[in-house]
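Quick caveat, the model's predicted, so the values are computed rather than measured. Labels below follow one simple rule: chain letters A, B, ... track the order of the sequence lines, proteins then strands, and each chain is numbered from 1.
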Number of protein chains: 2
Amino acid sequence: MTEDGQGLPLADRLARRIRALLIAGELSPGQRLSEAAFSERFDVSRNSLREAFRLLTKDGLLRHEANRGVFVAVPTMASVIDIYRVRRMLECAALRQAWHQHAAIGAMRDAVAEGRERRDAGDWTGVGSANMTFHAAIIDLADSTRISEFYERISAELRLCFGLLKDPAHLHAPFVDMNGEIVTLLEQNKREEAAAQLDAYLNLAERTMLKTLERASEPS
Amino acid sequence: MTEDGQGLPLADRLARRIRALLIAGELSPGQRLSEAAFSERFDVSRNSLREAFRLLTKDGLLRHEANRGVFVAVPTMASVIDIYRVRRMLECAALRQAWHQHAAIGAMRDAVAEGRERRDAGDWTGVGSANMTFHAAIIDLADSTRISEFYERISAELRLCFGLLKDPAHLHAPFVDMNGEIVTLLEQNKREEAAAQLDAYLNLAERTMLKTLERASEPS
DNA sequence: AAGGAATGATTGTTGAACAATATTGATGTT
DNA sequence: AACATCAATATTGTTCAACAATCATTCCTT
């Protein structure tokens, strides 16, 4: 049950579908999304489509140029740096103030287990999903719907960056065990250590991401 | 120069105007915003108006009920608690990791001075604005456009809550001097103390807000 | 080959139309 | 008078067609 969002307005459902395309990497960064083509493709009116475009633009997944149309956002060094700055702030703060019996800790441990299974099975995109789940669970420690919503937006933007990588394996695989350490520290209520560990984790991930981005944009 | 946003799409400009009405308290919480009435009022088409409504709904300022229309969001205990949780997380984290020569510190000091002037002049709404400026400057310490944008959204939602108060003076006035202490601590690079002070500040503000909200909703 | 006007395509915005749903009001029953 | 039923009405949800404004391209002139 993918929870199709039957009751929701058309524009919201449309935005979901397009977002799915974006994070699945089926639309390349910088590509222009023609209103005519997409309203044809999804069999909706141009007006409804425009509403969806506007929502995705607000989420940072699309860029809107006046009188020129909407384009798939292209990740830049600046955006990657900003995204990881957000992640360090939010995730570390969530860990630091976590209640040591919070339900999300269970979700974190489950995500780690899932990640290990997938890694051992060689299912790299599965490892990626498990990793995303893990970090979403960290955010849930903060018990704030607004923070969680915001993180989802950031998360989608980050997945757009992942689309640039040729080899997603190297990005996520080494982090599975670090996730394990973090949740172990948290279970022992060593929140400060957990946060420090996560901070190191995120710095490493950021450097990896930036290096890959550099390599992907230099030889153009 | 209110920076009218000439080049921006109509929907964005509309959203701004309506947002301004909302935070100015000219639309009461729970009120239904008829598409016909508003498209008439702003002299735009229903389609354009609907785009603007969708933007504001995503910002949490409006609520959208299927086939019933959009309503001005009504602040609840839950939303106030969540908003202050976000503020504690973001603002305290920003203080903790602030670079002690960051330009935003100057902006903070200026906002404090402005707040004192306005308070002494008895200009309470001016005190409120200066206070908002002060906290936006704290967020700017984090140097993240995404966080700043997110905080703006939270800030607008909070102003919607302020609209419920009969006596805005009591809410902001006592905080001017606390702001002063915070910026002083920060100038001495006592970031941890500044964060602790802000945390206490926000707890106090939250309690005040909740009490007022209770008083405003109980005797209905 | 450079500049510039004419052409064509796309976006920006509107107005009207109609289906689907919600609200209101009238009607009739108890 | 209170209540359910159902038609009438108003509002939202969505589409479509139109046109102005702007961008992109082509072709012509020099």
May I have the distance from [X] (atom [atom1]) to [N] (atom [atom2]), rounded to whole angstrom?
| X | N | atom1 | atom2 | value |
| --- | --- | --- | --- | --- |
| Glu51(B) | dG13(D) | CD | P | 14 Å |
| Phe38(A) | dT10(C) | CZ | C1' | 15 Å |
| Asp12(A) | dG13(D) | CG | P | 11 Å |
| Glu40(B) | dT11(D) | CD | C1' | 16 Å |
| Leu49(A) | dG12(C) | CG | C1' | 14 Å |
| Phe53(A) | dT10(C) | CZ | C1' | 13 Å |
| Phe71(A) | dC23(D) | CZ | P | 12 Å |
| Leu10(A) | dT21(C) | CG | P | 14 Å |

*Between the main-chain N or O of Val127(B) and the side-chain N or O of Arg119(B), is there a donor-acceptor pair closer than 3.5 Å?*
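No; judged by distance alone, with no hydrogens or angles, the pair does not exist.
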_If we ignore hydrogens and angles and just use 3.5 Å, is the side chain of Asn179(B) paired with the main-chain N or O of Asn131(B) as donor and acceptor?_
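Not a single qualifying donor-acceptor pair exists.
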*Got a salt bridge between Glu149(A) and Arg153(B), using NZ or NE/NH1/NH2 to carboxylate O under 4.0 Å?*
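Salt bridge flag = yes for Arg153(B) with Glu149(A).
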Return the nearest nucleotide to the side chain of [X]; candidates are [options].
| X | options | answer |
| --- | --- | --- |
| Ser48(B) | dT14(C), dG13(D), dT15(D) | dT14(C) |
| Ser34(B) | dT13(C), dA16(C), dT12(D) | dT12(D) |
| Arg46(B) | dA17(C), dT10(C), dT14(C) | dA17(C) |
| Asn67(B) | dT11(C), dA17(D), dT21(C) | dT21(C) |

*Tell me the side chain to side chain donor-acceptor pair (under 3.5 Å) pairs involving residues 27-38 of chain A, sequence neighbours left out?*
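Passing the test, one end in residues 27-38 of chain A: Ser28(A)-Gln31(A), Glu35(A)-Arg46(A), Glu35(A)-Arg50(A).
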*Residue closer to the 5' end of DNA chain C, Asn47(B) versus His64(A) (nearest nucleotide)*: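 Going by which nucleotide is closer to the 5' end, it is His64(A).
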Can you check whether [X] has a side-chain N or O nearer than 4.0 Å to OP1 or OP2 of [N]?
| X | N | result |
| --- | --- | --- |
| Arg32(B) | dT11(D) | no |
| Arg13(B) | dG12(C) | no |
| Arg50(A) | dG12(C) | yes |

*List the atom of Ala15(A), the atom of Ala52(A), and the distance in Å for their closest heavy-atom pair.*
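Heavy-atom minimum between the residues: N-CB, 3.8 Å.
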_Along DNA chain D (nearest heavy atom to each residue), the more 5'-positioned of Glu35(B) and Ser45(A)_ =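 Of the two residues, Glu35(B) wins.
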